[in-house]
Each structure stands twice: as C-alpha cells, then as structure tokens.
2 protein chains.
Amino acid sequence: MKARRANSREKILAAAADVARETGPGSLSLDAVASRAGVSKGGLLYNFPTKAKLMQALVEDYLSAFQQALEAARTNGVSGESPLAAYIRLSAEHAEESKPSASWIFSAIAEDPDFLTPIKSFRRQLFQRLKGETPNLRALLVCYLAIEGLRSMNLFGSDILSAEERRLLISTLLEIAE
Amino acid sequence: MKARRANSREKILAAAADVARETGPGSLSLDAVASRAGVSKGGLLYNFPTKAKLMQALVEDYLSAFQQALEAARTNGVSGESPLAAYIRLSAEHAEESKPSASWIFSAIAEDPDFLTPIKSFRRQLFQRLKGETPNLRALLVCYLAIEGLRSMNLFGSDILSAEERRLLISTLLEIAE
DNA sequence: CTTACTGTACCGTCTGGACGGTATTATCAA
DNA sequence: TTGATAATACCGTCCAGACGGTACAGTAAG
C-alpha cells in the first residue's frame, strides 16, 4: 500500500530532476515529467496536485537529505575533526558527483522565486551554527565561501577545475579549517 | 543616424534586467520587457528579432563590460598589485552592489541552457590567465573559488554575510593573494 | 469500498512572434 | 529648392501553440 505510493513519488521527483538537468530548466513541463517518470499526467497530478507542490517537494527533499548527510558526517567523521571540516568534506563529495544533483533549482525559481526562501534560511542557519562552532572567523569565511563557489560551479556545470585542482583546493581548505 | 534612436536598445536591455530581477526569471516575457522599456512589442522585436537574440545581447553586454572593467582594474590598480588581487577587488566591488546585476542569467538559461557556454568559456579563459600569472596555485584556487562563492550568493540574493564579514573576507583573500 | 493510479478529452491563459501599418528622417533626381 | 522615394524605427493587433490544470470514466489491488 505504502510502497507503491512512495515508489511513484520518488520516481516522479527523480524524473523531474532528470528532465531539468537534461532538457533545461525552462523545459520542465508536467507532460515531460510524467512521461519521463513512466506515469500518466493524471497520476502525476494525483501525487502532486500542482506544479508548485512538485517543486516544493523537490526543495524539501533536497534540504532534508543534505541535513541528514551533514548530521551523519558530523558523527561518523574522523574524531577530532571540526564541524567546519566535516562540512567541507561533505560538500566536496557532493560537488564531485558528475550530475549536478540540484539543477532543478533553476526551474523552481523560474516557477516562483519564493522557492529560494527556504533554501536561503537553511543556509543562513547552517552558517550561524558553523560560526558558533568555529573559533577562527576568517578561516570560516574563506572556507565557507570557497565551498559555496564549488557548489555554484557544480550547479552551472562548469568544469574549469581539474580533478587534481579540486583535490588540492579541498586539502588546502581542510588545512585552513585546522 | 544610428546612435540617437539606438538608446532604445539600451533601455530595452536595462528593462529586461529589471524585470528579471523584480518579477523573477520565469516572468520575463516580451510584453513585460516592452512595457517596462516604454516601447511597444513591435518596437522591441524590431531591435531584437527574437527573444533569444535579446538574451544573447544581455550575455554579450555583460561579458564585455566585465572584461573592460577587469582591464581597467588591472592598469589603474595599486602599483605592485597582483592580477589576482585586482580580480578579487573588482569582483568584491561588483558583489557589493545591492542589485544582483546578473539575475537575468536565470531567464537566459531557462530560455536555452546553451547561453551558459559563452559565459563558461569566458570564465575558463580568465582562470587560465590567472593561473599563468599567479605563482601560488593554492592561493589562486582558494581565492578564485571564494570569489565565485561571493558571486553566487549575490546572484541568489543571499544576504547571510554582514557587510563587516564581507570586508573581513575580502581583506583576508587579498592577504592570501599577497 | 478505498487507494492509487491510467487515459483521454478538454479548457483558459499566456506567450512568442508574424504582420501590416505609420511617422520620421535620409537620399537623390529634376 | 523641391518633390518623390526609400529606409529607419517603431506601433498595435492577431494568432497558433504550449502549458497548467480539470473532469471524468475506467481499473486493478487490497
């Protein structure tokens, strides 16, 4: 009963992300998502009654997944590792993935710019938290912004850094973070 | 003969940027741009025969303006200042502006993701150039990425850094860049 | 009888852009 | 000088197609 529902839901969400990545943020139509997910349009609208709800689910899933991964990285990380270092390491892993996992964001803000607000507030909280946990403000600023830059380049599909350069960057950031 | 009326072109370009920033990337319609620019739709399509041409002009203007500003910053900058430092300083100034000067980018990639390619190749060239001019690769990587992060936050309208924190970040980056 | 869909048919709105005007200015012949 | 012609820079309307969303009848599983 629940398995089938959850399955469709996730298939649709994944399909939406795929369509956005492959055919561009402006081509994320309900028809395209439905056919990609192997679901009828009626079925899509049964799971997500409006396009906005679909986008919202994308945002919420993304945020909660990141949150969970961060919590895991903090506890399972190398002992003695600072929270900032854990954040760097986690974000670096995410940026390493070839698929820009979050390019649907462009579709979301094209649909309605307000979809950025939960993301922004999530980020703000995260930064404030790191600020409280990191003694060296300058190190935090440099590392946090550099990671943000990495995230941005991944999002835009930029590949101006070689894998080696990325590794050097991360190790440097980890040194700065102590 | 040409210049007098041709200020329509600039008015339209400015209007497009304004509309994109204020009403969101998904609401950048030709009608909206035309009325904002104080021009009829016919007049708009006279200056830019398709929406894609309008976007292209936005991209090209942006890139050439940045290029020019960079050249100027390099020659007019403090003597003995490294090219990387000049880049940092210039980008910091741009990021300081309250208006995210480039939020039309979202509209452009919604229209057609290929609009990113000229931007990406511009960035790649810039990075390669800085790489040739900067002895310390680690410093370049950290500074370049941090600046990219700043640009990204400005683009998304994120304001999690206070003005003071931004200043501290920039001065730290300039120190790293030597 | 409910849940979770499928499938089709349909509707209203929005949008890009084609098109046929129009007013102003430039070119040039008589 | 003048008058015709043509190019420029724009206006305003109209239309075809795409898209979000609705409605509804059917169905297979539990």
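Within every chain, numbering begins at 1; the chains are lettered A, B, ... in the order of the sequence lines, protein sequences first and strands thereafter. All values below were derived from every heavy atom in this structure, side-chain atoms included, with hydrogens, water molecules and symmetry-related copies excluded.
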Side chain of [X]: nearest nucleotide among [options]?
{"X": "B:L45", "options": "D:dC10, C:dT6, C:dG17", "result": "C:dG17"}
{"X": "A:Y46", "options": "D:dG21, D:dC10, C:dT3", "result": "C:dT3"}
{"X": "A:S40", "options": "C:dG16, D:dG21, C:dG7", "result": "C:dG7"}

Checklist line | Short side-chain to backbone donor-acceptor contact, A:T134 and A:K131, under 3.5 Å | finding: no
Next item on the list: Using atom types as modelled and distance alone, determine if a side-chain donor or acceptor of B:S91 lies under 3.5 Å from a backbone N or O of B:I88.
Entry: no
Under-3.5 Å N/O pairs linking protein and nucleotides 14-16 of chain D:
none

Checklist line | 5'-most by nearest nucleotide on DNA chain D - A:S29 or A:G42 | finding: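 Nearest-nucleotide comparison on DNA chain D picks A:S29.
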Roughly how many Å is it from [atom1] in [X] to [atom2] in [N], rounded to a whole number?
{"X": "A:I12", "N": "C:dA4", "atom1": "CD1", "atom2": "P", "value": "12 Å"}
{"X": "A:L54", "N": "D:dC19", "atom1": "CG", "atom2": "C1'", "value": "14 Å"}
{"X": "A:N47", "N": "C:dT6", "atom1": "CG", "atom2": "P", "value": "8 Å"}
{"X": "B:D31", "N": "D:dT13", "atom1": "CG", "atom2": "C1'", "value": "11 Å"}
{"X": "B:L30", "N": "C:dG17", "atom1": "CG", "atom2": "P", "value": "7 Å"}
{"X": "A:F48", "N": "C:dC5", "atom1": "CZ", "atom2": "C1'", "value": "14 Å"}
{"X": "A:L28", "N": "D:dG21", "atom1": "CG", "atom2": "P", "value": "12 Å"}
{"X": "A:M55", "N": "D:dG20", "atom1": "CE", "atom2": "P", "value": "8 Å"}

Checklist line | Pairing of A:E60 and A:R9 as salt bridge, 4.0 angstrom limit | finding: no
Checklist line | A:R151 with A:E148: basic N within carboxylate O range, under 4.0 Å | finding: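 Between A:E148 and A:R151 there is a salt bridge, with a charged N closer than 4.0 Å to a carboxylate O.
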Next item on the list: For the pair B:Y87 and B:Y144, name the ring-plane relationship: parallel under 30°, tilted 30 to 60°, perpendicular over 60°.
Entry: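 If you compare the ring of B:Y87 with that of B:Y144, the planes turn out parallel.
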Margin query: Taking CD in B:E97 as the centre, count heavy atoms belonging to other residues, nucleotides or ligands within less than 6.0 Å. Is the count above 12?
Written below: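 Enclosed: over 12 neighbouring heavy atoms sit under 6.0 Å from CD of B:E97.
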Check: Within less than 4.0 Å of OP1 or OP2 of D:dG20, is there a side-chain N or O belonging to A:T50?
Finding: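 Answer is no, no contact under 4.0 Å.
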Notebook entry, point to check: Side-chain N or O of B:S8 less than 4.0 angstrom from OP1 or OP2 on D:dC10?
Noted result: yes
Notebook entry, point to check: Is the distance between the ring centroids of B:F156 and B:F106 under 6.0 Å?
Noted result: yes
